[in-house]
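One is the number of the first residue; the rest follow in order along the sequence. The basis for the numbers below is simple: all heavy atoms, side chains too, and nothing from hydrogens, waters or symmetry mates.
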Amino acid sequence: MKELLEYIVKAIVQKPEEVEVREVEGTKSVILEVKVAPEDRGRVIGKQGQTVKALQTIIRVAGIKKGKKVVIEVLQ
């Protein structure tokens, strides 16, 4: 899941070398923390959060296969 999210986010942003994805795993859930360059935050979030919602949907499906709930957080 982490690799998939990192691959997609790097394709969206202007500075892919600054993309960092950290995985915090719990027993039933996984939090994926995404850190990008400040000028790329808007690209990852999208208008009214549409891009991050789409990413959440894609990653949620990958999480279902592993039996875990997945949440994406875009960090500053």
Considering non-hydrogen atoms only, spot the tightest contact between [X] and [Y] and give its length.
X     : Y     : result
Leu75 : Glu33 : CD1-CB, 3.7 Å
Glu6  : Val19 : CG-CG1, 4.3 Å
Lys68 : Val30 : CD-CG2, 3.6 Å

Item to check | Flag side-chain contact, heavy atom, 4.5 Å: Lys69 against Lys28 | outcome: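 Counting from C-beta outward, Lys69 and Lys28 never come under 4.5 Å.
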
Next on the checklist: Does Arg60 form a side-chain contact (heavy atoms from CB on, under 4.5 Å) with Val70? I'd like the steps, not just the answer.
Outcome noted: CA-CA 6 Å; Arg60 186 179 305 131; Val70 183; 5.5 Å; no

Checklist outcome for this item: Exactly one candidate in Val13, Val52, Leu55, Leu5 meets side-chain contact (heavy atoms from CB on, under 4.5 Å) with Val34; the answer is Leu5

Next on the checklist: Would you say CD of Glu17 has more than 12 non-hydrogen atoms from neighbouring residues, nucleotides or ligands within 6.0 angstrom?
Outcome noted: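 Yes - once you tally the heavy atoms of other residues, nucleotides and ligands closer than 6.0 Å, there are more than 12.
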
Next on the checklist: Is there a continuous path of hydrophobic side-chain contacts, each under 4.5 Å between heavy atoms, that joins Val44 to Leu4?
Outcome noted: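 As far as the 4.5 Å side-chain criterion goes, Leu4 and Val44 are connected within one cluster.
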
Within this structure, what is the [atom1]-[atom2] distance for the pair [X] and [Y], rounded to the nearest 0.5 Å?
X     : Y     : atom1 : atom2 : value
Thr51 : Ile8  : OG1   : CD1   : 11.5 Å
Lys35 : Glu73 : NZ    : CD    : 13.5 Å
Met1  : Lys66 : CE    : NZ    : 4.5 Å

Checklist entry - Going through the checks in order, is the side-chain contact (heavy atoms from CB on, under 4.5 Å) test met by Glu39 and Lys15? => result CA-CA 9 Å; Glu39 57 271 16; Lys15 296 183 178 179; 2.6 Å; yes

Item to check | side-chain contact (heavy atoms from CB on, under 4.5 Å) evaluation trace for Glu18 with Asp40 | outcome: CA-CA 10 Å; Glu18 291 190 33; Asp40 285 330; over 6 Å; no

